[in-house]
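Worksheet for the structure shown next.
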Amino acid sequence: MIKAIKGTRDILPPATKVWNFVEEVSRRVLHCYNYQEIRTPIFEETALFARGVGEETDIVSKEMYTWQDRDGSSLTLRPENTAPVIRAFLEHRLDQRPGLQKLFYIGPMFRRERPQKGRYRQFFQIGAEAIGSESPALDAEVIEMVVEILTQSGLQGFQLIINSVGCPQCRPRFVAMLKEKIEQVASQLCADCRRRSVTNPLRVLDCKVPADQPLIETLPSILDHLCQDCRSHFTWVRKFLEDRDIRYQVQGRLVRGLDYYMRTTFEIVHGALGAQNSVVGGGRYDGLAEALGSKVPAPGIGFSIGEDRLVLSLEECRPELARQTLDLLVAPLGESALSHSTLLARELRRQGLCVEIAFDAKLKRALELANKLGARHALIVGDNEIQAGVYALKDMATGQQLNVTRDSLADKILYGKH
RNA sequence: GUGGCUAUAGCUCAGCCGGUAGAGCGCUGGAUUGUGGUUCCAGAUGUCGUGGGUUCGAAUCCCACUAGCCACCCCA
């Protein structure tokens, strides 16, 4: 048998209801903040990611699905969508449009990693990018918005972590100093840290090996070495968050894996997820447009929600979201009742009700089915009912049954529906 | 890329020291000619992940492979 390939999966009903739910909530909130949807291709020129995300990052150096097209060009399934959105922004000169460009996307990304809980080779992101301002007020608004999406989804117990990773003015100076400090104590650190002290010293700060912690705490924090502009920017972001009563934790060791981040970075974590506990990652990327070869700057900030992970968390704390719902199951008794029922069902469906007909079931089976499908009501349509012009409408929860005329049917069914 | 665990019915799993399969749930039908959720009865479904080895005999022991899960790494 042919099966879905490693790291990909089928999302079946009723789980799809949870997916639709988070997408609906996201779209609603994004709309209120005046974000508009953008759809970019699922594959791009490889150079876009190499330059945008960074040649040395794990994503680019070992996780991309890259192949050579028939004309010899190198193409890649998108591993993330910020670089493609900025590419589209520049290509279509969206900087010429009035005001900030606020764009959002929902779609699959691809990274060839070893799958585990909350990590898949094809995974879905709900992301937003606000392009055209360096203002810390925008940072706070973006963070507020994603917190709003999670809250309105009903997610409980998530935690916001923020940091500033500096800018091309101050970060290189800090990294050089950090590297020097690490080298002094390198012999006492784990093998990974010794490797990282050369490839990416900032990552050493993020080491989780318990034995290394005491030493790591003695290392300097970037927050103490930001330049004047970055320091003030970060102070403002924090103030704006506090004005909104948004709880956050500053973690000087929060490092994002993508090269384009500068100044504000943030992450939202949730406990129900296992090791891959980050539901949202985001940050500011003021230099990205230039890195892609643009002469016009496009400072911006964005985030992406790991939709798979959000769904995973919600399935734990809101299991009711995945329950199937059916307004009415019609049970026709006999052939004449069947044709009558089909017309009746169409009428009710046109009024927006979710209706199923038990085509070939005896009444007993039909009611059993109504029960299994979670129908809120069952409607018995037999010769008696057709003649009398009143149907027997049964409330499946209470077992109460009452006679209802055709005209008042929809109202009776809708009554009490939340 | 590295490590650990697992692989038996549609699902969750039992099957101890080797004697060629079982439970619960689900599904189908019945106990009622037009009344479900509880109960009772009956039924169907398995190359025991794949390949090899040990043995008179392997779901069970050994090896390899494959797949899944979890973790490292990294990230959404």
Side-chain angles (χ1 to χ4, degrees), chain A residues 1-9 12 22 53 56-63 78-82 105-127 146 190-193 195-196 199-200 203 206-209 254-258 261 265-270 273-283 302-313 329 331-334 337 358 361-385 391-401:
Chain A
M1 275 297 289
I2 297 176
K3 298 197 298 181
I5 57 184
K6 187 196 281 288
T8 71
R9 59 208 185 122
L12 305 172
V22 306
V53 178
E56 301 306 317
T57 60
D58 281 14
I59 291 175
V60 172
S61 66
K62 49 192 193 201
E63 294 172 1
R78 62 185 187 192
E80 61 98 52
N81 208 25
T82 298
Y105 57 86
I106 299 177
M109 309 296 155
F110 306 85
R111 290 183 204 171
R112 200 182 181 294
E113 297 177 276
R114 192 80 168 258
Q116 71 186 76
K117 185 171 187 173
R119 190 169 77 183
Y120 309 97
R121 289 181 172 185
Q122 176 176 358
F123 60 101
F124 292 78
Q125 290 189 332
I126 301 172
V146 69
C190 68
D192 279 335
C193 282
R195 178 177 51 77
R196 285 187 286 235
T199 58
N200 191 348
R203 281 240 155 268
D206 208 24
C207 174
K208 281 144 205 145
V209 177
L254 173 69
V255 178
R256 311 257 80 225
L258 291 73
Y261 284 122
T265 60
F266 60 96
E267 184 169 296
I268 295 177
V269 296
H270 186 80
L273 284 170
Q276 307 302 316
N277 66 351
S278 152
V279 196
V280 177
F303 64 78
S304 64
I305 300 172
E307 192 175 1
D308 303 72
R309 292 179 183 179
L310 177 54
V311 167
L312 211 54
S313 314
L329 184 115
L333 307 175
K362 288 189 274 188
L363 181 57
K364 181 181 165 63
R365 292 296 166 208
L367 288 172
E368 269 177 29
L369 188 63
N371 210 43
K372 282 168 189 164
L373 297 182
R376 293 171 52 249
H377 299 274
L379 190 72
I380 298 162
V381 182
D383 293 338
N384 301 344
E385 281 77 9
Y391 306 96
L393 180 67
K394 188 180 180 87
D395 183 309
M396 293 304 291
T398 64
Q400 269 181 359
Q401 193 167 313

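Letters A, B, ... mirror the listed sequences (proteins, then strands); counts begin at 1. Worth saying up front: this structure is predicted, and the values here are computed from it rather than measured.
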Closer to the 5' end of RNA chain B via nearest nucleotide, is it L369(A) or G118(A)?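 Residue closer to the 5' terminus by nearest nucleotide: L369(A).
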Comparing D395(A) and Q125(A) on RNA chain B - which has the more 5′ nearest nucleotide: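 Result: D395(A).
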Check whether any side-chain nitrogen or oxygen of [X] sits under 4.0 Å from OP1 or OP2 of [N], and answer yes or no.
X       : N      : value
K372(A) : C27(B) : yes
R365(A) : G30(B) : yes
Q116(A) : C72(B) : yes
K362(A) : G30(B) : yes
K6(A)   : G68(B) : yes

Are side-chain heavy atoms of R309(A) and F123(A) found at a separation under 4.5 Å?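 Side-chain contact under 4.5 Å: no.
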Mark yes or no for whether R78(A), through its side chain, and F110(A), through its backbone, hold a donor-acceptor pair below 3.5 Å.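 Side chain of R78(A) to backbone of F110(A), a donor-acceptor pair under 3.5 Å: no, none is there.
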Heavy-atom donor-acceptor pair, R121(A) side chain to P115(A) backbone, under 3.5 Å: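 A pair under 3.5 Å: no.
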Quick one: label M396(A) by what it contacts on the DNA or RNA (base, sugar-phosphate, nothing), any heavy atom closer than 4.0 Å.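 Base contact - M396(A) has a heavy atom under 4.0 Å of at least one base atom.
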Both atom distances under 3.5 Å, Watson-Crick or G-U wobble: I'd like the secondary structure of RNA chain B as a dot-bracket string, with | for pairs made across strands. (((((((..((((.....[..)))).(((((.......))))).....(((((..]....))))))))))))....
Answer yes or no: are there more than 12 heavy-atom neighbours, outside Q401(A) itself, under 6.0 Å from its atom CD?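 For Q401(A), atom CD is crowded (more than 12 foreign heavy atoms under 6.0 Å).
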Using the six-membered ring for Trp and the full ring for Phe, Tyr or His, decide whether F124(A) stacks on the six-membered base ring of A76(B) (centres under 5.5 Å, planes under 30°).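 One would not call F124(A) stacked on the A76(B) base.
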Nearest to the side chain of [X], heavy atoms from C-beta on, is which of [options]?
X       : options                : value
N384(A) : G34(B), A76(B), C74(B) : G34(B)
K117(A) : C70(B), C74(B), G34(B) : C70(B)
F123(A) : A76(B), C74(B), G3(B)  : A76(B)

When only distance counts, do a donor and an acceptor, one from the side chain of Q276(A) and one from the base of A71(B), lie under 3.5 Å apart?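 Between A71(B) and Q276(A), which were checked side chain against base, a qualifying N/O pair under 3.5 Å is absent.
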